[in-house]
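Quick notes on the structure that follows.
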Amino acid sequence: MEIQLSDKVIEIKQKGKISEIFKNEIEKSKYEVIAAKFNNEYVNLDYEIKESGKLELIDISTKEGMKVYRRTLTYIIGKAFEKLYPDGILNADYQLSNSMFYDVENMEVTDEMIEKLQKTMEEIVQKDLPIKQIVMTRKEATDFFEANQTSRGRLQLDLKNNNKIYMYYCENYFNYCYGTLGNRTGCVKKFEVKKYNDGILIRYPSHKAPNHIAKFVNNKKLAWAIEEYEDIHRILNVERVYKLNEAIEQDRIQEVILLAEALHEKKIANIADNIAKNKNIKMVLIAGPSSSGKTTFAQRLGIQLRLNRLKPVTISVDNYFVERKDTPRDEKGEYDFECIEAIDLDLFNSHLTKLLNGEEVELPEFDFIEGTKRYNGKKIRLAEDEILVIEGIHCLNDKLTSKIPAEQKYKVYISALTVLNLDRFNRISTTDTRLVRRIVRDYQFRGYSAKHTIRTWDKVNEGEEKNIFPFQEEADFIFNTSLIYELCALKPIVMPLLEEITNKDEEYAEAHRLVNMLKYFETIPNEYVPKNSLLKEFLGGGAFDVN
C-alpha cells in the first residue's frame, strides 16, 4: 500500500533519527521522501529528534521537496565532476524550466564530458551513498579552504562571522550547500545531463510530475537575457556575494549602483528605440511575474518613448473583467480572477480595434466591490503620435489581443532574473529575490505582514506558472529588472519582518531560510538608491510615486 505523506503533520514524542523512526512510512510513500519539517523548520532526514514536536515528511511532489532534490543533484554533479576533472572549475549559473545550467570556466564542454558525467552521476546515485553533515571549527574550515577551493566565497562569508562551519561530505568529497540536502545520493533517481550552448544542463522532474522528466523546452531568449547580465557582472567582479560585500567595505558600492542603474536605462532606451523604428507597432504589451517592477518599468519606458516622439497612452486590463456572475471558478469553487477567461476579451479587443482605427471609445472602470463595469464618461481617441501601453499578466498571451495583427504588437517580458550567487555551487533564486521584494512592498504600502505574504506566495506562483511563464518566449524583448545590489538595500527592512516570525508559525521554515540567506549580505542605506530606480517601487521615495 502506498502512503501519501505530503502536508500530513504528525505529533511526535519519540526520540531518534527521523529516517529510523519513520522508516516504514518513508519506504511506503507514493513519492520519494527527501526531507522533513520539524517544529516548522526544514531538516534533513538524518536529523536527530530530541524533543517532542510536530513533524511533516516532505516528498518530491512538493515545491520544497523538489528544491531539496535540486540541491542534492548539484551536490552530486559536483562530486562527479571533481572525480572526473579534479582541475576543472564548475559553476552553477542559473535555472531554466526544470533545468539547472552549469558552466565550466577552464575546460571545453564536449559530448564525451556529458556522457561521462551522466554515467558517473548514475553510478553515485545507484550506490545510494550517505551524505553526512559535519561541523568544522574556524581553524579546520580555514585549512580546508586553503587546500580545496570548492566552496570559495561561502566559506569566506562564514569564516568572517561564524565559529562553526557546516559542511556536507560523501565518501571523500566535501562541499557546502545552502539549505537542506538529501541524506543519501539515491534520493534523486531521475535526471538527464545535456550539452547546452557552451555549458552543461542538468534536467530534472517538476514537483507536479515528480516521477518523469518533461519534454525539453529551449528557453533561448530567457537564457540569453540571463547570460548577458552574468557576463556584465563578471566583468564588474561582483558576481558573488562576498565580492559585493567587498565593494561595500571598500566604498566602491556607489559606483556599482550607478553602473547597474545605467545598464537598466540603456536597455529601456534600446526597447523604446526598437519600437520607434517600426512604424507598424501600435501597442506595447508588458507582462511579468509578481514584484518584477512592472509599474516603474512602464513609466520609465514611457519617458524613453517620449524622447522618440511617441506619447504613451495607458489602458488597464483590470477594467475589463467580466461581470462577477460570469467569472470562472477554480477547482475549489472559488472565483478565478487570474485566468484569461475572467477578462471580457470581446469588449477588450473591440475597443483596441476601434482605437487603432482612429475611433473614439468610452473606457470602462471596473467596480470591484459590486463586480461590474461602469462607464463614467472617460473617452479617448489615439492621435498619430500616441501609442498604447498595456500591462497585465496575460499580455504575452495572444488570446488577450487576438483581433490585433501581430505586426502591430510589441511584447516585453520583465522579471528579476537574479545573477548573484553565494559561491560556485549555491545560487540565489530569482523567486526568492521577488519574494523579498514583495514582503517589503506588502509591508510598506499594503499593510501586510511578512507572514501573510509568505502564506499567499505559493498561490501567486501557481498563477504565474499557468498564465505567465508558458508565454515568456513569445516576447520580443526580455528585460531583466534585477539589480546586483538590491538585497543589500532591502535587507534592513525585511530582516526584522522575517525575524518576527517564530517557530510556532507555519511560515517559519520559509522565513528562517530567507534569514539564513540574507545574513551574508552587508547592508547599504536607502539614500544610495537613485530616485528613478525600479527598486524604489518597493523601498518607496521614488521619482514615480507608484505606490
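These numbers come from a predicted model, not from an experiment.
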Closest approach of Trp457 to Arg438 (non-hydrogen atoms, all atoms of both residues): CZ3-CD, 3.4 Å
Evaluate Ile315 against Glu391 for side chain to side chain contact (heavy atoms under 4.5 Å, CB included), listing each step before the verdict. CA-CA 8 Å; Ile315 290 183; Glu391 178 257 304; over 6 Å; no
Nearest heavy-atom pair of Leu305 and Pro312: which atoms, and what distance? CD1-CB, 4.4 Å
Can you check salt bridge (charged side-chain N to carboxylate O under 4.0 Å, His left out) on Glu230 and Arg234, steps first, answer last? CA-CA 6 Å; Glu230 284 205 327; Arg234 201 173 284 124; 3.8 Å; yes
For residues Ala475 and Ile478, report the shortest heavy-atom separation together with the two atoms involved. CB-CG1, 4.4 Å
Using a strict 4.0 Å threshold on nitrogen-to-oxygen distance, state whether Glu537 and Arg437 make a salt bridge. no
Less than 4.5 Å apart, any side-chain heavy atom of Cys170 and any of Thr185? yes
Lys221: side-chain hydrogen bond (donor to acceptor under 3.5 Å, both in side chains) partners, not counting sequence neighbours: none
Without hydrogens or angle criteria, can the side chains of Thr453 and Asp442 be said to hold a donor-acceptor pair below 3.5 Å? yes
Electrostatic pair Glu64:Arg71 at N-O distance under 4.0 angstrom: yes
Salt-bridge criterion met for Lys220 and Glu473 (N-O under 4.0 Å): no
Minimal non-hydrogen separation, Met113 against Tyr85, with atom names: CA-OH, 3.4 Å
Strictly distance-based, threshold 3.5 Å: is any side-chain N or O of Arg203 a donor or acceptor partner for the main-chain N or O of Ala214? yes
Check whether Ser533 reaches the backbone of Pro530 with its side chain - one donor and one acceptor, N or O, closer than 3.5 Å. no
Min side-chain heavy-atom separation Ile248-Ile524 under 4.5 Å: yes
Hey, does Thr72 have a side-chain heavy atom less than 4.5 Å from the side chain of Ile76? yes
Does the pair Arg252/Glu246 count as a salt bridge with the N-to-O cut at 4.0 Å? no
Please determine whether salt bridge (charged side-chain N to carboxylate O under 4.0 Å, His left out) holds for the pair Lys266 and Glu261, giving the CA-CA distance in whole Å, both sets of side-chain angles, and the decisive distance to 0.1 Å. CA-CA 9 Å; Lys266 182 179 179 180; Glu261 295 291 347; over 6 Å; no
So among Leu396, Val412, Asp476, Thr401, which one has a side chain to side chain contact (heavy atoms under 4.5 Å, CB included) with Leu285? Thr401
Please report whether the ring centroid of Tyr173 lies less than 6.0 Å from that of Tyr75. yes
Does a sphere of radius 6.0 Å around CD in Glu506 hold more than 12 heavy atoms from other residues, nucleotides or ligands, not counting ones at 6.0 Å or beyond? no
Does Lys190 NZ have over 12 foreign heavy atoms under 6.0 Å away? no
Report yes or no: does Asp330 contribute a side-chain atom to a donor-acceptor pair with the main-chain N or O of Glu334 at less than 3.5 Å? yes
So among Ile484, Leu263, Leu417, which one has a side chain to side chain contact (heavy atoms under 4.5 Å, CB included) with Tyr229? Leu263
Is a donor from one side chain sitting under 3.5 angstrom from an acceptor on the other, for Asn421 and Glu239? no
Should Glu499 and Lys519 count as an ion pair when the cut-off is N to O under 4.0 Å? no
Given 3.5 Å as the limit, does a donor-acceptor pair link the side chain of Asn40 with the main chain of Asn503, or not? yes
Under 3.5 Å, side chain of Asn183 to main-chain N/O of Asn44, donor-acceptor pair present? no
Working for side chain to side chain contact (heavy atoms under 4.5 Å, CB included), residues Tyr69 and Glu32: CA-CA 10 Å; Tyr69 194 99; Glu32 183 80 29; over 6 Å; no
Between Val317 and His394, is there a side-chain heavy-atom distance shorter than 4.5 Å? no
Can you give me the closest heavy-atom contact between Phe445 and Gly540, atom names plus distance? CZ-CA, 3.5 Å
Other residues, nucleotides, ligands: >12 heavy atoms within 6.0 Å of Tyr443 OH: no
Measure from the side-chain N and O atoms of Asn91 to the backbone N and O of Asp93, and report whether any donor-acceptor pair falls under 3.5 Å. no
Parallel, tilted or perpendicular for His452 and Tyr448, by the 30°/60° rule? parallel
Please determine whether a side-chain nitrogen of the Lys or Arg among Lys409 and Glu474 lies less than 4.0 Å from a carboxylate oxygen of the Asp or Glu. no
Evaluate Ser482 against Thr418 for side-chain hydrogen bond (donor to acceptor under 3.5 Å, both in side chains), listing each step before the verdict. CA-CA 6 Å; Ser482 75; Thr418 308; 5.5 Å; no
Asp423 and Asn426: side chain donor to acceptor below 3.5 Å: yes
Compute the ring centroids of His264 and Phe479, then answer whether they are less than 6.0 Å apart. yes
With heavy-atom distances below 4.5 Å as the criterion, would you say the side chains of Ser415 and Tyr413 are in contact? yes
Considering only heavy atoms from C-beta outward, does the side chain of Leu96 approach that of Asn218 to under 4.5 Å? no
So do Leu201 and Phe216 actually touch side chain to side chain, heavy atoms under 4.5 Å? yes
Regarding Glu227 and Tyr94, do their side chains bring together a donor and an acceptor under 3.5 Å, going by distance alone? yes
May I ask you to check whether over 12 heavy atoms, not counting those of Asp198, lie within 6.0 Å of atom CG? no
Can you label the angle between the Tyr47 ring and the Phe38 ring as parallel, tilted or perpendicular, going by 30° and 60°? tilted
Going by side-chain hydrogen bond (donor to acceptor under 3.5 Å, both in side chains), Glu507 matches just one of His512, Arg455, Lys451. Which one? Arg455
Indicate yes or no for a side-chain donor-acceptor contact from Asn526 to the backbone of Ala489 under 3.5 Å, with no hydrogens or angles considered. no
Side chains of Ile114 and Gln118, heavy atoms from C-beta outward: is any pair under 4.5 Å? no
Would you say Ser292's side chain and Lys294's backbone share a donor-acceptor pair under 3.5 angstrom? no
Just do the salt bridge (charged side-chain N to carboxylate O under 4.0 Å, His left out) check on Glu82 and Arg424 with the steps written out, would you? CA-CA 13 Å; Glu82 185 176 278; Arg424 292 199 291 112; over 6 Å; no
Are Thr431 and Asn461 close enough that a side-chain donor and a side-chain acceptor fall under 3.5 Å? no
Taking atom types as modelled, is there a side-chain donor on Lys536 or Thr296 under 3.5 Å from an acceptor on the other? no
With a 4.0 Å cut-off, would you call Glu462 and Lys466 a salt bridge? no
Sub-3.5 Å donor-acceptor pair from the side chain of Glu464 to the main-chain atoms of Phe469, do we have one? no
Step through the shown structure and confirm whether more than 12 heavy atoms of other residues, nucleotides or ligands are within 6.0 Å of CD on Glu108. no
Distance-only, no hydrogens or angles: does the Asn397 side chain make a donor-acceptor pair with backbone N or O of Lys399 under 3.5 Å? yes
Non-hydrogen atoms of Phe297 and Ile271 that approach each other most closely: CZ-CD1, 3.9 Å
